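Data first, discussion second: the structure below is written as structure tokens.
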Amino acid sequence: MAQKPSIPKGTRDFLPDQVAKRNYLYGTIRTAFEKYGFQPIETPSFELSSTLLGKYGEEGDRLIFRILNSGEKMKKADLEALKEDNLARFANSLAEKALRYDLTVPFARFVVQHQHELSFPFKRYQIQPVWRADRPQHGRYQEFYQCDADVVGSDSLNYEVDFVLLFDEVLTELNIPDFTIKINNRKILSGIAEITGESDRLVAITVAIDKLDKIGKEGVEKELKERGVSEKAIQQIQPLFELNGTNEAIVGRMKDFLQGSEIGLRGVEELEFVFKKVEQLGLRRGKLEFDVTLARGLNYYTGAIFEVKANGINMGSICGGGRYDDLTGIFGMPGMSGVGISFGADRIYDVLNELDLFPKNVSNTLDVLFVNFGENESDVCRTYIKEIRANGFSSELYPENAKMKKQMKYANDRNVRFVALVGEAEFASELIQLKDMISGEQTELSLEEVIHTLMKL
RNA sequence: GUGGUUGUAGCUCAGUUGGUUAGAGCGCCUGAUUGUGGUUCAGGAGGUCGUCGGUUCGAGACCGAUCUUCCACCCCA
């Protein structure tokens, strides 16, 4: 019985012209990464569950795809846990492997494992798919590509500056007209919690104020209250919702606000450094914006945090990142600070598509298709094709002596640039009728002239 | 994971309170045009109405389950 073909939710097939666009995107990102001194690595698509679990918060664990144990290993299932209704432990006993959820945690594992083969600061980039068992939505998939650049082994703020420039470089190269690089610092969030006497509720506070642009000032106050933050603290935090003006102005306000919080002030100073250096160097199209309400869910961040939004389009953040001071500590290598960023390739693809920003000629299909007029003509066509290919252009012969109309239509459907006709007359004269499929013009040329025409494009 | 929403031809969608043979546009195929595509004209093919089950004399339409789509949460690229 024929099965109706389909793919799992949140996944996609890519047609040739889509792949061409994606390769253009990856190519642009890769070029910039290498320009900034990052080297590529790759890690497996799946890791041990123990490597991944517990690194992304409770919510994160729920979204990790588990790989069911196979064969005899099925017998390892922890039936006790099932009886005790401990579903998390039961699930872990059923799946000792899991698909990677992002590229940062596997990278931390990689660094610890290969520490003696690397020199620090180690800068790597990685362009690979990741998987999340999330419910699909606009710009949200279960399988998508992340393009990450990270550096570990240095806490220099120089890298924060470089990453801001890198965001700007890539997104400007991709022609995105208007985007905002939002930046904040986890130390500032800690400072806010400290100043208001709510250090215990740091997570609650960050989660709530992160929602400011979505649920508004009143919504955040309500949520803070629900999460048990004191009335007094809410009153103190409230002015932060209305911070505006230049980054420098906000820096000034935050310095006042965080007076007495050593950690908070350090966060502000770090950002101040980044603003100054970026200011000196200048950005091409991006706007750098100090957003005190930017929090980000991933709980391993400890310093600067980044998020990039394309303006004028309904799409979640297209890039993210931040500094993590001790991600490798979990794998037994403490004191190794790292900072990194991630480009959401699939979301950027959607943005470029919706804004019609892809260059027109990303999909080069075939330069010259030779029409098949029969065996004698085909023989000489094959020698022409060999020569054209040797000159670096793509060319092929239509496989059979079909009707001209059919061959032309095929050329048209495939977006072939030129059609070459070598029939009886051209065979005798050793010339080629070359038809430009865009203009429709047709000229009789020698092979050398055909190659010359291709090189002029 | 919670709440809602969608599914009819390759694609985008019509299809009346349940009633005979399920339609359109685009695309596709053939011909007008046996050495010329993209334009035009004429003709043609293509659907177990997401899937399984139920109600009914009768279901594309009503009910249930399931899968999928999109949306709002949660979270995030």
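The chains referred to below are lettered A, B, ... by the order of the sequence lines, with proteins before strands, and numbering in each begins at 1. In this text the structure is predicted, and so the values were computed from the model without any measurement.
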Checking all strands, does [X] fall into the base, sugar-phosphate, or nothing category for heavy-atom contacts under 4.0 angstrom?
{"X": "A:Val351", "result": "nothing"}
{"X": "A:Gln146", "result": "sugar-phosphate"}
{"X": "A:Glu426", "result": "base"}
{"X": "A:Gly321", "result": "nothing"}
{"X": "A:Ile318", "result": "sugar-phosphate"}
{"X": "A:Ile438", "result": "base"}
{"X": "A:Asp134", "result": "base"}
{"X": "A:Lys406", "result": "nothing"}
{"X": "A:Ala345", "result": "nothing"}
{"X": "A:Gly57", "result": "nothing"}

For A:Cys319, does its backbone N or O pair with a side-chain atom of A:Ser342 as donor and acceptor, under 3.5 Å?
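Not confirmed, A:Ser342 side chain does not pair with A:Cys319 backbone.
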Between the side chain of A:Asp346 and the main-chain N/O of A:Tyr145, is any donor-acceptor distance below 3.5 Å?
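At least one qualifying donor-acceptor pair exists.
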[X] vs [Y] side-chain heavy atoms within contact, under 4.5 Å:
{"X": "A:Lys309", "Y": "A:Ile318", "value": "no"}
{"X": "A:Phe107", "Y": "A:Arg124", "value": "yes"}
{"X": "A:Asp148", "Y": "A:Tyr125", "value": "no"}

Between [X] ([atom1]) and [N] ([atom2]), how many Å, whole number?
{"X": "A:Tyr410", "N": "B:G35", "atom1": "OH", "atom2": "P", "result": "21 Å"}
{"X": "A:Gln128", "N": "B:A77", "atom1": "CD", "atom2": "C1'", "result": "16 Å"}
{"X": "A:Leu434", "N": "B:G37", "atom1": "CG", "atom2": "P", "result": "17 Å"}
{"X": "A:Asn401", "N": "B:G35", "atom1": "CG", "atom2": "C1'", "result": "11 Å"}
{"X": "A:Asn412", "N": "B:G27", "atom1": "CG", "atom2": "P", "result": "13 Å"}
{"X": "A:Gln142", "N": "B:C76", "atom1": "CD", "atom2": "P", "result": "17 Å"}
{"X": "A:Asp210", "N": "B:C76", "atom1": "CG", "atom2": "P", "result": "8 Å"}
{"X": "A:Tyr398", "N": "B:G35", "atom1": "OH", "atom2": "C1'", "result": "15 Å"}

[X] side chain, from C-beta outward: closest of [options]:
{"X": "A:Lys214", "options": "B:A77, B:C71, B:C75", "value": "B:C75"}
{"X": "A:Arg62", "options": "B:C74, B:U68, B:C75", "value": "B:C74"}
{"X": "A:Lys405", "options": "B:G35, B:A32, B:A77", "value": "B:A32"}

More than 12 heavy atoms of other groups within 6.0 Å of A:Met455 CE
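Count over threshold, so yes.
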Got a sec: does the NE2 of A:His138 have more than 12 other heavy atoms crowding it under 6.0 Å?
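Atom NE2 in A:His138 is packed in, count exceeds 12.
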About how many Å separate CG of A:Asn247 and CD1 of A:Ile183, when rounded to the nearest 0.5 Å?
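So the CD1 of A:Ile183 and the CG of A:Asn247 are separated by 9.0 Å.
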Spacing of the [atom1] atoms in [M] and [N] (rounded, Å):
{"N": "B:A22", "M": "B:U16", "atom1": "P", "result": "15 Å"}
{"N": "B:U20", "M": "B:U36", "atom1": "C1'", "result": "49 Å"}
{"N": "B:U21", "M": "B:G58", "atom1": "P", "result": "15 Å"}
{"N": "B:C26", "M": "B:U39", "atom1": "P", "result": "12 Å"}
{"N": "B:G23", "M": "B:C49", "atom1": "C1'", "result": "12 Å"}

Near-parallel close stack of A:Phe343 and B:A77 base (under 5.5 Å, under 30°)
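One would not call A:Phe343 stacked on the B:A77 base.
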Between [X] and [N], is there a side-chain N or O to OP1/OP2 distance below 4.0 Å?
{"X": "A:Arg140", "N": "B:C70", "value": "no"}
{"X": "A:Lys403", "N": "B:U30", "value": "no"}
{"X": "A:Lys309", "N": "B:A77", "value": "no"}
{"X": "A:Gln407", "N": "B:G37", "value": "no"}
{"X": "A:Lys435", "N": "B:G35", "value": "no"}
{"X": "A:Lys409", "N": "B:C29", "value": "yes"}

How would you summarise protein contacts on nucleotides 3-11 of chain B per nucleotide, using B for base, S for sugar-phosphate only and - for none, with heavy-atom distances below 4.0 Å?
B--------
Should A:Glu143 and A:Arg100 count as an ion pair when the cut-off is N to O under 4.0 Å?
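Between A:Arg100 and A:Glu143 there is no salt bridge, as every charged N stays at least 4.0 Å from the carboxylate O atoms.
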Looking at A:Arg227 and A:Glu223, is there a salt bridge between them, counting it only when a charged N and a carboxylate O are closer than 4.0 Å?
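Here A:Glu223 pairs with A:Arg227 in a salt bridge, since their nearest N and O are under 4.0 Å apart.
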Does A:Arg132 qualify as a cation-pi partner of A:Tyr101, given the criterion of NZ or CZ under 6.0 Å from the six-membered ring centre and within 45 degrees of its axis?
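Yes, cation above the ring, under 6.0 Å and within 45°.
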Out of A:Phe144, A:Tyr26, A:Phe33, which one pairs with A:Phe343 under the ring-ring contact (aromatic ring centres under 6.0 Å, His included) rule?
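Of all the options given, the one that passes is A:Phe33.
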Report the secondary structure of RNA chain B in dot-bracket form, marking unpaired bases with a dot and bases paired to a different strand with |, and treating Watson-Crick or G-U pairs with both distances under 3.5 Å as paired.
((((..(..((((.....[...)))).(((((.......))))).....(((((..]....))))))..))))....
